[in-house]
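Structure record follows, encoded as C-alpha cells.
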Amino acid sequence: MPKDSTLTLTQVKLLVDKFRTNSLTGGELRELRRAVSAMSDAEIELIFSDAAGTDAVEISQTTVDRITLEATRQAILSCRRRRRSRILAVAAAIALPLIAVAVAWLYLRLDEYSRYDRVLASATEISTSVGEKVAVRLPDGTEAAIGSASQLSYYIKDFTDRHRVIDADGELRLAVTHDPGCPFVVNSPGLVVRVLGTRFSMVSRREAESAMLYLEEGSVQMESTASGETVTVRPQELAILNRTTGRFEVRSMESGNDAAALMRGDIAFSDTPLSEVLAKLSEVYGVAITVDTDVRLRRFTGYIPANDREEAIAIITGVYHLKAFETPGGITLRPVSQK
C-alpha cells in the first residue's frame with residue numbers, strides 16, 4: 001500500500017466487498033476512493049480479482065424494474081419529442097390555409113351582417129294608385145288589404161317580440177295575428193291605433209278632416225295625437241276621429257257593409273227616387289247623368305261610390321237593367337232593350 005494510505009489491504013478488501021453488496025456508507029465510500037487512488041495497478045487488480053472470485057454481484061428485481069422503467073420513459077420522451085416536432089410541422093402546414101379560409105369567411109359574414117343591417121334600417125313601402133287595391137302579408141303574419149290611393153310602410157326592426165309597428169295613410173283593412181304579449185300599433189296622421197289580435201278596417205288620410213275605424217272582432221284602442229283622448233272600440237262599432245278637435249264619436253254599426261261604405265265616403269241613399277240619385281251623382285262627378293224612361297220614378301236604397309264614376313254607373317245600370325250611352329250632353333241611361 002502507498003505510504004499516504006491509512007487503510008490496510010485487508011480493510012480495503014472489506015470495503016470492496018461492502019461496495020459489491022451495496023452496503024457502503026458515505027464515509028466508507030470516500031475512504032475507499034482515497035485508498036484506491038493511492039494504490040498501484042497491481043494492487044488494484046489483486047484486490048478486485050480476489051473479490052470477484054468470492055461473491056457475484058446481485059441486483060434486485062426492483063432495481064432491474066426501475067432501470068427498465070427509466071429506460072422506457074426516456075425512450076417515450078424521445079419519441080414524443082420527435083412526434084411533437086412532426087405534429088407542429090403538419091399543424092403549421094394545415095393552419096395557414098385554414099387561417100386564410102377563416103379570414104375569407106369572416107369577411108363574407110361581416111358583409112352579410114352589413115347587408116342585414118341595411119335591410120333593418122330601410123323602410124318597406126306599399127302604395128296604391130286610384131282604383132287599385134293590394135293585399136300583403138306583414139312580417140308577423142298579419143294580413144293587410146290596402147285600398148285605393150293609400151300607403152302602408154314599416155321597418156323590419158319594428159317587428160320584435162315586444163311590439164309591431166306600421167305607418168298607414170289611406171284605406172286599410174287588417175287581420176292582425178294574435179299575440180297578447182306583443183301589441184300591434186298603427187300610426188296614422190293624427191291617430192294611433194293599438195291592438196293585440198283583431199280584424200278591423202280603417203280610413204285615415206292626411207288631408208281628410210276625419211279618420212274612421214270599424215271593428216269586426218277583438219278590441220282596439222285609439223288615441224288622438226292632437227288631444228290625447230283615447231277610446232276603446234268594440235266589435236260592430238265605428239269610431240270617427242275629428243282631426244280638428246281631436247275628439248272621437250263612436251257609433252254602433254251592425255252592418256259591416258254600411259260601415260265600409262261610410263269609410264269609403266260613399267253616398268248613402270234611403271228610398272230615394274232614381275231621378276234624385278242621378279242628380280246627386282251628376283253633381284258629384286260634374287257630368288249630366290239622365291234617364292229618359294219612367295224608371296226614373298223608381299226608388300233606390302243603398303250606397304254609391306263618390307270617387308269612382310264607372311262603378312257608380314255600373315251599380316245603377318245593374319240594379320235597373322239599363323245601359324249607359326255617352327252623348328254630347330253627358331251620359332244617358334236607357335233600358336237594355338232600347339238602342
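Along the sequence shown, residues carry numbers from 1.
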What do the steps show when you test R251 against E249 for salt bridge (Lys or Arg N to Asp or Glu O under 4.0 Å), and what is the final call?
-> CA-CA 7 Å; R251 302 178 186 174; E249 176 189 355; 2.9 Å; yes
Identify whether NZ of Lys or CZ of Arg in R334 sits under 6.0 Å from the centre of the six-membered ring of F325 and within 45° of that ring's axis.
->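 Judged by the rule, R334 and F325 form a cation-pi pair.
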Closest heavy-atom pair and its distance - [X], [Y]:
X    : Y    : value
E223 : G228 : CG-O, 4.2 Å
T160 : C182 : O-SG, 3.2 Å
G141 : T177 : C-OG1, 3.1 Å

Quick one: do [X] and [Y] make a salt bridge, cutoff under 4.0 Å?
X    : Y    : answer
E216 : R173 : yes
R205 : E171 : yes
E209 : R243 : no

Looking at residues at least two apart in the chain, or sitting in another chain, which of them share a side chain to side chain donor-acceptor pair (under 3.5 Å) with S227?
-> S224
Just jot down the side chain to side chain donor-acceptor pair (under 3.5 Å) partners of E132, sequence neighbours excluded, or say none.
->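 Side chain to side chain donor-acceptor pair (under 3.5 Å) list for E132, sorted by chain: S129.
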Residues 269-277, side-chain donor-acceptor partners within the protein, below 3.5 Å, at least two apart:
residue, atom, partner, partner atom, Å
T272, OG1, S270, N, 3.4
T272, OG1, S270, O, 3.4

Under 30°, 30 to 60°, or over 60°: which ring-plane class applies to F300 and Y320, parallel, tilted or perpendicular?
-> tilted
Would a hydrophobic clustering, with Ile, Leu, Val, Met, Phe, Trp and Tyr connected at side-chain separations under 4.5 Å, put V165 with V195?
-> no
Spatial distance of atom CD (E237) from atom CZ (F200) [nearest 0.5 Å] =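 Separation between the atoms: 15.0 Å.
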Residue from V186, V185, D140, D158 passing side-chain contact (heavy atoms from CB on, under 4.5 Å) with R164 |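 Exactly one pass, corresponding to D140.
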